[in-house]
S.K.: 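For reference, the structure I am asking about is given below.
Each chain gets a letter, A, B and so on, in the order its sequence line appears, and its residues count up from 1. The model shown is predicted, which means the values in this text are computed figures rather than measured ones.
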2 protein chains.
Amino acid sequence: MLNQPSPLDLTFQALADPTRRALVERLVRGPASVSELAQPLKMSLPAVMQHLAVLESSGLVRSEKVGRVRTCRIDAAQLSLAEQWINQRRMEWAGRLDRLGRYLETLKDEDGEES
Amino acid sequence: MLNQPSPLDLTFQALADPTRRALVERLVRGPASVSELAQPLKMSLPAVMQHLAVLESSGLVRSEKVGRVRTCRIDAAQLSLAEQWINQRRMEWAGRLDRLGRYLETLKDEDGEES
DNA sequence: TGGTTGGTTAAGCATATACTTTAGTATCGT
DNA sequence: ACGATACTAAAGTATATGCTTAACCAACCA
């Protein structure tokens, strides 16, 4: 993976970590400062900052610093992107099963009409 | 991450790699053998097998070997799991924005009624 | 029976991830 | 001005990831 990762790579990668999902779960309930986000987590502040950096580089989270406090908020557009990718695959798969089922049905019907 | 990863960890981690997403994209169009899956990819067979192992340990893909050929198929349930997690967060966020908007609206109304 | 096909195992290697501790640098309150 | 607060930067470390190549095994097929 020496070529630069796509937005989808970054988004799924960001969501693959339980700490980062916890951060997202917190942020959907409203914006929060870095130390506010770090408080319930049992790891160092720099560790939390690194997780936030991952979330931010994926586009899932944006943040702005005013004075000495950085306020983070989630960006739902990126969540949608990931959701859409999964949904499209699931739909494709469901559609296939549906067509397959219908096809097997026609086979049974033809069988019934036989002889 | 020395404690064992959750199903959600494994699923998002599996989807974070473009090669593995390509495998999923192929498999939603129907089951395939290992070498069939490897053929369009420009990497060694063992590399593809390792990606398949990741997909399988996440539950996104199941496979069975008959004779000397292993046939892989996707398991949509695991796709749903990931999709649901995202969807719930997105809903939560949307709901919050909605409530916030309504609240601001009431403030404006009260403001209008003032003095 | 012996070669080809389809898959598997093992080992090795470069880079990436998830932390840590230590040492900062700007605010902000008094 | 001075200390506390909120964050940041840098470096180090252990483990994980994404490959590779070189064997190897177990059908199948002539």
Side-chain angles (χ1 to χ4, degrees), chain A residues 1-24 26-27 31-73, chain B residues 1-27 30-73:
Chain A
M1 206 189 277
L2 25 109
N3 38 5
Q4 63 165 10
S6 76
L8 222 39
D9 291 333
L10 293 170
T11 303
F12 282 128
Q13 181 65 17
L15 294 176
D17 185 275
T19 302
R20 285 191 297 260
R21 283 200 309 279
L23 288 171
V24 170
R26 167 62 189 80
L27 286 174
S33 72
V34 172
S35 44
E36 207 170 344
L37 290 168
Q39 186 257 317
L41 303 175
K42 36 180 186 288
M43 69 179 65
S44 66
L45 227 204
V48 175
M49 300 253 323
Q50 283 165 27
H51 282 302
L52 283 171
V54 171
L55 285 168
E56 203 152 354
S57 81
S58 78
L60 281 167
V61 166
R62 282 175 306 102
S63 76
E64 53 183 347
K65 193 170 184 175
V66 43
R68 61 182 167 174
V69 36
R70 173 173 302 276
T71 303
C72 307
R73 65 192 68 245
Chain B
M1 207 189 275
L2 26 109
N3 40 6
Q4 62 165 8
S6 76
L8 222 40
D9 291 334
L10 293 170
T11 303
F12 282 129
Q13 181 65 20
L15 294 176
D17 184 276
T19 302
R20 286 192 296 260
R21 284 201 308 278
L23 288 171
V24 169
E25 284 174 6
R26 167 62 189 80
L27 285 174
S33 73
V34 172
S35 46
E36 206 170 345
L37 290 169
Q39 186 255 316
L41 304 174
K42 37 181 185 289
M43 68 181 65
S44 66
L45 226 205
V48 175
M49 302 253 323
Q50 285 165 27
H51 281 303
L52 283 171
V54 171
L55 286 168
E56 203 153 353
S57 80
S58 80
L60 282 167
V61 166
R62 282 176 305 102
S63 76
E64 54 183 345
K65 193 170 182 176
V66 43
R68 62 181 167 174
V69 37
R70 173 173 300 277
T71 304
C72 307
R73 68 191 66 246

S.K.: Between Val69(B) and Arg20(A), name the one whose nearest nucleotide on DNA chain C is closer to the 5' end.
M.R.: Val69(B)

S.K.: Identify, with sequence neighbours excluded, every residue that meets side chain to side chain contact (heavy atoms under 4.5 Å, CB included) alongside Arg73(B).
M.R.: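 Here the qualifying residues are Pro31(B), Arg62(B), Glu64(B), Thr71(B).
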
S.K.: In whole angstrom, what separates Gln13(A)'s CD from dA16(C)'s P?
M.R.: 12 Å

S.K.: Output the distance between atom CG (Asp17(B)) and atom NE2 (His51(B)), rounded to the nearest 0.5 Å.
M.R.: 4.5 Å

S.K.: Send over the distance from Asp17(B) CG to dT15(C) P, rounded to a whole Å.
M.R.: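 So the CG-P distance, Asp17(B) to dT15(C), works out to 17 Å.
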
S.K.: I need the CZ-P distance between Arg70(B) and dT9(C), as an integer number of Å.
M.R.: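 Atom-to-atom, Arg70(B) to dT9(C), this comes out as 9 Å.
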
S.K.: Generate the contact string for nucleotides 25-30 of chain C. Rules: B means base contact, S means sugar-phosphate contact only, - means no protein heavy atom under 4.0 Å.
M.R.: --BS--

S.K.: So how far is it from Ser35(A) OG to Arg70(A) CZ, rounded to the nearest 0.5 Å?
M.R.: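 The distance works out to 12.0 Å.
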
S.K.: Please report, rounded to the nearest Å, how far the C1' atom of dA26(D) is from the NZ atom of Lys65(B).
M.R.: 7 Å

S.K.: With a 4.0 Å heavy-atom cut-off, tell me which residues in residues 41-56 of chain B come close to DNA chain C, sorted by residue number.
M.R.: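 Heavy-atom cutoff 4.0 Å gives Leu45(B), Pro46(B), Met49(B).
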
S.K.: Between Ser58(A) and Gln13(A), do the side chains contain an N or O donor and an N or O acceptor separated by less than 3.5 Å?
M.R.: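 Judged by distance alone, the side chains do not pair up.
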
S.K.: Is there a side-chain contact between Arg21(A) and Asp9(B) (heavy atoms, below 4.5 Å)?
M.R.: yes

S.K.: Report the distance from atom CG of Leu10(A) to atom P of dT17(C), rounded to the nearest whole Å.
M.R.: 9 Å

S.K.: Would you kindly give the CD-to-P distance between Gln4(B) and dT15(D), to the nearest whole Å?
M.R.: 18 Å

S.K.: What integer distance in Å separates Asp9(A):CG from dT15(C):P?
M.R.: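 After rounding, the gap between these two atoms is 19 Å.
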
S.K.: Atom CD of Gln50(A) and atom CE of Met43(A): how far apart are they, to the nearest 0.5 Å?
M.R.: 10.0 Å

S.K.: Any side-chain N or O of Ser35(B) below 4.0 angstrom from OP1/OP2 of dG7(C)?
M.R.: yes

S.K.: Can you tell which of Val61(A), Leu52(A), Leu45(A) makes a side chain to side chain contact (heavy atoms under 4.5 Å, CB included) with Leu37(A)?
M.R.: Leu52(A)

S.K.: Within this structure, what is the CG-CD distance for the pair Leu10(B) and Glu56(B), rounded to the nearest 0.5 Å?
M.R.: 13.0 Å

S.K.: State, yes or no, whether a side-chain contact exists between Leu23(B) and Leu41(B) at a heavy-atom distance under 4.5 Å.
M.R.: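 Contact flag for Leu23(B)/Leu41(B) side chains = yes.
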
